[in-house]
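Small disclaimer: the values here were computed from a predicted structure and weren't measured. We number each residue from 1, following the sequence as shown. Just so it is clear, the values below take in all heavy atoms, side chains as well, and ignore hydrogens, waters and symmetry mates.
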Amino acid sequence: LRWARAAIELAVREGAPFEVVEAELTDALRAPHGAFVTLKKAGELRGCIGKMDFERPLWRNVIEAAVASALDDPGFAPVEDDELSTIRLGISVVEPPVAIARAEEFDAQRHGIIVEKGLRHALLLPKVAQEYGWDARKVLETVCWKAGLPTDAWREPDVCLSVFTAFDFAE
C-alpha cells in the first residue's frame, strides 16, 4: 500500500516512475501474482485497474496497476494533485483464473468471475459481490453487461467463464 500510494503521488505530481528499493523486496513481493488497485474517493469508485500478468512479480503488477488506476482508467478523468489526500487505495492480490464448465461452479461470495466471448471480455473482483450483497446471477449478469454482451450471455455454450480468488486489503 505504501509503495502503491508513493507511485501514484509521484506519477500525478511529477510524471516520474517510482523506484523500488531492492533490499525491501520480500519473497512474497517477488512471487508472481496478479493485482488490482482500486481507488475510492468519499466511498465512491475513483478508478480500478488490474494487471493479470502471472509471470511478473506482485510488486511490479501493483505499482503499474496503481499508476494506471490513477491516470489511465477510461471510466474516470486522471487523478489531480489536489485530490490525492482524499483518495483511499485498496489492493486485491489475485490468484490465476481457472476455467469452469458450468455457471453453477461459481460461488459469488468466494470467487471473482471472468466472462469471455470472441473479442469481448470483462472481470469482476470477488469483493464486488461481497460489498453489494449480490448473488451469483446478479454478478454474472453484471459481468456480461460490462463486457458489452447481453446480460444472459453467460448461459450461452460459446461463452467462457473463469473464476479466481483474491486477497484484499486497503488503507
Residues in salt bridge (charged side-chain N to carboxylate O under 4.0 Å, His left out) contact with Asp135, at least two apart in sequence or another chain: none
Identify whether Val143 and Val159 are in the same connected component of the hydrophobic contact network (ILVMFWY, side-chain heavy atoms under 4.5 Å). yes
Closer than 4.0 angstrom, basic N to acidic O: yes or no for Arg30 and Glu22? yes
Would a hydrophobic clustering, with Ile, Leu, Val, Met, Phe, Trp and Tyr connected at side-chain separations under 4.5 Å, put Ile113 with Leu149? yes
Shortest non-hydrogen contact from Ala108 to Ala129? O-CB, 3.2 Å
Just by modelled atom types, is the Leu84 backbone N or O under 3.5 Å from a matching donor or acceptor in the Arg5 side chain? yes
Here the pair of heavy atoms bringing Phe36 nearest to Cys48 is CD2-SG, 4.0 Å
Rounded to the nearest 0.5 Å, what separation is found between the CZ atom of Phe167 and the CD atom of Glu95? 11.0 Å
Walk me through it: do Val163 and Leu161 pass the test side chain to side chain contact (heavy atoms under 4.5 Å, CB included)? CA-CA 7 Å; Val163 297; Leu161 297 174; over 6 Å; no
Verify same cluster id: Met52, Ile49 (apolar side-chain graph, 4.5 Å): no
Take Leu124 and Thr142 through the side chain to side chain contact (heavy atoms under 4.5 Å, CB included) test and state the conclusion after the steps. CA-CA 8 Å; Leu124 285 175; Thr142 304; 3.9 Å; yes
Measure from the side-chain N and O atoms of Glu64 to the backbone N and O of Asn61, and report whether any donor-acceptor pair falls under 3.5 Å. no
Examine distances only and state if a side-chain atom of Gln130 and a backbone atom of Gln109 form a donor-acceptor pair shorter than 3.5 Å. yes
More than 12 heavy atoms of other groups within 6.0 Å of Glu44 CD: no
Do the rings of Trp134 and Tyr132 sit parallel, tilted or perpendicular, given the 30° and 60° boundaries? parallel
Glu171 side chain to Leu89 backbone, donor-acceptor under 3.5 Å: yes
Taking the side chain from Arg46 and the backbone from Gly43, do they hold a donor-acceptor pair closer than 3.5 Å? no
Electrostatic pair Arg120-Glu116, nearest N-O below 4.0 angstrom: no
Joint hydrophobic cluster, Leu45 plus Leu123, side-chain heavy atoms closer than 4.5 Å: no
Could Glu131 and Lys40 be called an ion pair, given the rule that one side-chain N must be under 4.0 Å from one carboxylate O? yes
Mind running salt bridge (charged side-chain N to carboxylate O under 4.0 Å, His left out) on Arg60 and Glu55 for me, showing each step along the way? CA-CA 11 Å; Arg60 187 176 304 276; Glu55 302 298 315; over 6 Å; no
Enclosure of Arg13 CZ (heavy-atom neighbours >12, cutoff 6.0 Å): yes
Does Val37 belong to the same Ile/Leu/Val/Met/Phe/Trp/Tyr cluster as Ile114, with side-chain heavy atoms less than 4.5 Å apart forming each link? no
Is a side-chain N or O of Glu83 found less than 3.5 angstrom from the main chain of Glu80, in a donor-acceptor match? yes
